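As the structure lists them, so they are numbered: ligands from 1, and atoms in each ligand from 1. Since this is a predicted model, take the numbers as computed values, not measurements.
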Amino acid sequence: MLKIGVLGLQGAVREHIRSIEACGAEGIIIKKTNQLNEIDGLIIPGGESTTMRRLIDKYNFMQPLKEFASSGKPMFGTCAGLILLAKHIVDYNEPHLGLLDVKVERNSFGRQKDSFEAELTITGVGEDFVGVFIRAPHIVEVGEDVEILSKHNGRIVAARQGQFLGCSFHPELTDDNRMTQLFINMVKESK
Ligand SMILES: NC(=O)CC[C@H](N)C(=O)O
């Protein structure tokens, strides 16, 4: 059975585990760096990117996460996780992990739209996928070999570059597990 880890330092961890299990894979909450050796793919959940970054530093996850990426194993960042994966963040000099070649803007859907749901069409997933956006970032720019998977009102909200997948919304908060399945398919292909 495929083993999918969810970085368990902060954020919507259990919801991802539920979605992974609904797709027939094993979900493992990653709280210690050595657990990264056990898994085939890693999800970095939504939450608060600055808080998660602080905990990544506190528990010495930065280097092990970069090594995990170098090993070629797939990584999926949702919402705050997308911000952590991105190579560029608007108004920041330095990225966090700096792995996915996109530029993201934090909290970019404006105050009146702090939280909302939208029906999305996502390449590789299908139509009518309800995206839950919570103080969500969006992707402002993508690098050459990044595939745009979905847009909402002209803004990029999901993208893939090889082993890296990112989305602005929270795919784990509904019972529609198709986005998780897309990631699990990437993990399967990588093996
Ligand atoms: N739901 C989320 O993950 C919100 C992300 C948050 N606004 C951040 O910048 O980290």
Next item on the list: Indicate whether any N or O donor in one side chain lies under 3.5 Å from an N or O acceptor in the other, for H152 and S168.
Entry: no
Margin query: On a heavy-atom basis, which atom in E26 and which in M1 lie closest, and how many Å separate them?
Written below: N-SD, 3.5 Å
Margin query: Do the side chains of R106 and E48 get close enough for a salt bridge, i.e. N-O under 4.0 angstrom?
Written below: yes
Notebook entry, point to check: Is it true that L85 and I30 fall in one hydrophobic cluster, defined by side-chain heavy atoms closer than 4.5 Å?
Noted result: yes
Next item on the list: Could you list all the salt bridge (charged side-chain N to carboxylate O under 4.0 Å, His left out) pairs where at least one residue sits in residues 72-97, not counting sequence neighbours?
Entry: none
Next item on the list: Consider only side-chain N and O atoms of E189 and N185, and report whether a donor and an acceptor are under 3.5 Å apart.
Entry: no
Check: If you count only heavy atoms, which residues are under 4.0 Å from ligand 1?
Finding: G46, G47, E48, S49, C79, A80, I83, R106, N107, I134, R135, H170
